[in-house]
Amino acid sequence: MLHLNLQGLRDRGAWEAAGIALPKYDIPAMRARTEQAPAWVHFGAGNLFRGFLAAAQQNLLDQGAAETGILAAESFDFQIIDQVYVPYDNLSLLVRMKADGTSSKAVIASVAGGLKADCTGGDWARLREIFQAPSLQMASFTITEKGYALTGLAGEPLPVVVRDWDAGPDAPRHTMSIAASLLYSRFQAGGAPIAMVSMDNCAQNGKRLRDGVLAIACGWTERGLVPAAFLDWLKDPVHVSFPWSMIDKITPHPSQRVKEELEALGLSGMTISRTNTGTQIAPFVNTELTEYLVLEDAFPNGRPALERAGVYLTGRDTVEKAEKMKVGTCLNPLHTALAVYGCLLGCTSIAAEMRDRDLRALVEHIAEESLPVVEDPGILSPRAFIHEVLNERFPSPAIPDTPQRIAADTSQKLPVRYGGTLRRYAERPELDVSALVYAPLVFAGWCRYLLGVDDRGEEMPVSPDPMAPQLQDHLAGIRLGEPESCTEQLRPILSNAALFGVDLYAAGLGERTEEMFRSMLAGPGAVRSTLRRYIPLGRA
């Protein structure tokens, strides 16, 4: 049997016989160097990090272009550390899935440690030491859109944020508070420069991270819990930069089929677990081959040679164009549309949805509707990117991705994935935002999805979303088979610019969205028939 731990890696011949590539560097020596002089800490220790960023650092270590690894910190789902870091000596197995059904496999050992970013736990002192180290060049984040949210639907501060403001930097809970607290430790230790790098699918993600950290620090300053000089230090990019980025890598939940294939090769302990927060995690990560990371080159304390791992290092303007292209047009809005309608129509894979003429036509139309407001970033072609997504990536049966996974946290995703397009339409005098059809069709489908009833009229689980309870309260009284039961319930949702980036009624889209939603209430099959009404080319 092959055991995924440092002891198990000593039998290199057995791993190579199984077709699994091993690191080319001295793992204990790398970890010792990282312990002494950490350069990179990452928050968000889940599948995307292990399947992309940790693999990129391994690439650099294999080339001899890096000396240290990454320290992974988890600020939300601490069970990830307990279940797939500690038992496997911080190693993971990366399975890159190819469209023909084959895969490449490699042990990733670039993670030098897994830490719980819990101010009451045993790793907190070590995290403070890491941030006090002058050698630390960057802290990066893949914490999903909801990790940056400081306010509720009505714009009120979340209770955890109010608590963190009052508690001060010694007892942070929210990830933005944790980041601000650790930066305060760095400031107190002499204030060596650092880059704080969001790598999440958020518009202007660097700004969003900066705004979140500053909001926490301002609250502390107002309460006299930190000196004003700390706020000045945070605001100065010579000391603390917040580079923008665009990241693209489809990393589904761990696949049962991949688990069985690995076990057939002799690997033990390939257990797929679900944490208390609903995260599916395993010692392996299955992911697609395609990956992009476009990163603003703004690192005041130096950085890894990421360009040697295929990362685009460029200016902020190019990053923003690439982000708008991918997050607002060419991939993420299409993913969200497939997620909502896939759940309603009983689909269990994105690949299967792409064989459905109605759903394929839907995402094709969404992309075309958004393209007029996309700027070509130069390094990536928008039309070529869409072609790759629609014809190679989404349809690949090798990627076991599900609409149910992507539907999680949709309330946090809509303003990022659709809001920019709506605003840019409104800003362009030659374009008419009120003429949009397919974005409102997604919004109507999402509201229909929140009812928790599929297109057959059967109860359907709604994926985790921090705003789901509040949103579902607004929909009370709406019943399938009774379109007239929808009166004014949608108005507080569709008028909320925090959800869509704009007030849909002010944009001339609220009534259209309501009409589409009522159409989907006609009875079983009404979701499908509504799609076909608005997308005639999608008819089988």
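Position 1 is the first residue of the sequence, and the numbers go up from there.
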Inset, instruction - Kindly say whether Leu6 contributes a backbone atom to a donor-acceptor pair with the side chain of Asp89 at under 3.5 angstrom? - result: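 Yes; judged by distance alone, with no hydrogens or angles, the pair exists.
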
Closest heavy-atom contact between [X] and [Y]?
| X | Y | result |
| --- | --- | --- |
| Pro243 | Met196 | CD-O, 3.3 Å |
| Met176 | Leu209 | CE-CD1, 3.7 Å |
| Met30 | Ala112 | SD-CB, 4.1 Å |

Inset, instruction - Would you please classify the geometry between the His42 ring and the Phe49 ring as parallel, tilted or perpendicular, with 30° and 60° separating the classes? - result: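 The arrangement is parallel - the two ring planes meet at less than 30°.
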
Inset, instruction - Check whether more than 12 heavy atoms from other residues, nucleotides or ligands sit under 6.0 Å from atom CD of Glu459, and answer yes or no. - result: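 Not more than 12 within 6.0 Å, no.
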
Side-chain ion pair, [X] and [Y], N-O less than 4.0 Å:
| X | Y | result |
| --- | --- | --- |
| Lys413 | Asp409 | no |
| Arg303 | Asp297 | yes |
| Glu291 | Arg96 | no |
| Arg393 | Asp248 | yes |
| Arg257 | Glu261 | yes |
| Arg33 | Glu67 | yes |
| Asp118 | Arg173 | yes |
| Glu288 | Lys249 | no |
| Lys324 | Glu320 | yes |

Inset, instruction - Could you tell me the separation between the OG atom of Ser255 and the CD1 atom of Ile272, rounded to the nearest 0.5 Å? - result: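 Here the rounded value is 6.5 Å.
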
Legend entry - Pairwise distance CG(Asp77) to CD1(Ile281) - rounded to 0.5 angstrom: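 Rounded to the nearest 0.5 Å, the CG-CD1 separation comes out at 8.0 Å.
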
Legend entry - Qualifying side-chain hydrogen bond (donor to acceptor under 3.5 Å, both in side chains) pairs, either residue in residues 52-62, two or more places apart: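 Every pair satisfying side-chain hydrogen bond (donor to acceptor under 3.5 Å, both in side chains) with a residue in residues 52-62: Tyr25-Gln58, Asn59-Gln63.
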
Legend entry - Pairs where residues 262-307 contributes a residue and the test ring pair (Phe, Tyr, Trp, His ring centres under 6.0 Å) is met, not counting sequence neighbours: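 Sorted result for residues 262-307: Tyr292-Phe385.
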
Inset, instruction - Mind checking ring-ring contact (aromatic ring centres under 6.0 Å, His included) for Phe43 and listing every partner two or more places apart, or none if nothing turns up? - result: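 With neighbours one apart ignored, the set is Phe141.
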
Residues [X] and [Y]: side-chain donor-acceptor under 3.5 angstrom:
| X | Y | value |
| --- | --- | --- |
| Ser273 | Thr271 | no |
| Ser198 | Tyr148 | yes |
| Lys259 | Asn286 | no |
| Thr251 | Asn47 | no |
| Ser411 | Asp465 | yes |
| Thr34 | Thr68 | no |

Do [X] and [Y] make a side-chain contact, defined as non-hydrogen atoms from C-beta onward lying under 4.5 Å apart?
| X | Y | answer |
| --- | --- | --- |
| Arg208 | Asp200 | no |
| Trp220 | Ser181 | yes |
| Val294 | Thr314 | yes |

Legend entry - Identified side-chain contact (heavy atoms from CB on, under 4.5 Å) counterpart of Met246 within the set Met199, Glu296, Glu323: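 One option only clears the test, and that one is Glu323.
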
Legend entry - Aromatic centroids of Phe394 and His335 separated by under 6.0 Å: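 His335 vs Phe394: aromatic centres under 6.0 Å.
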
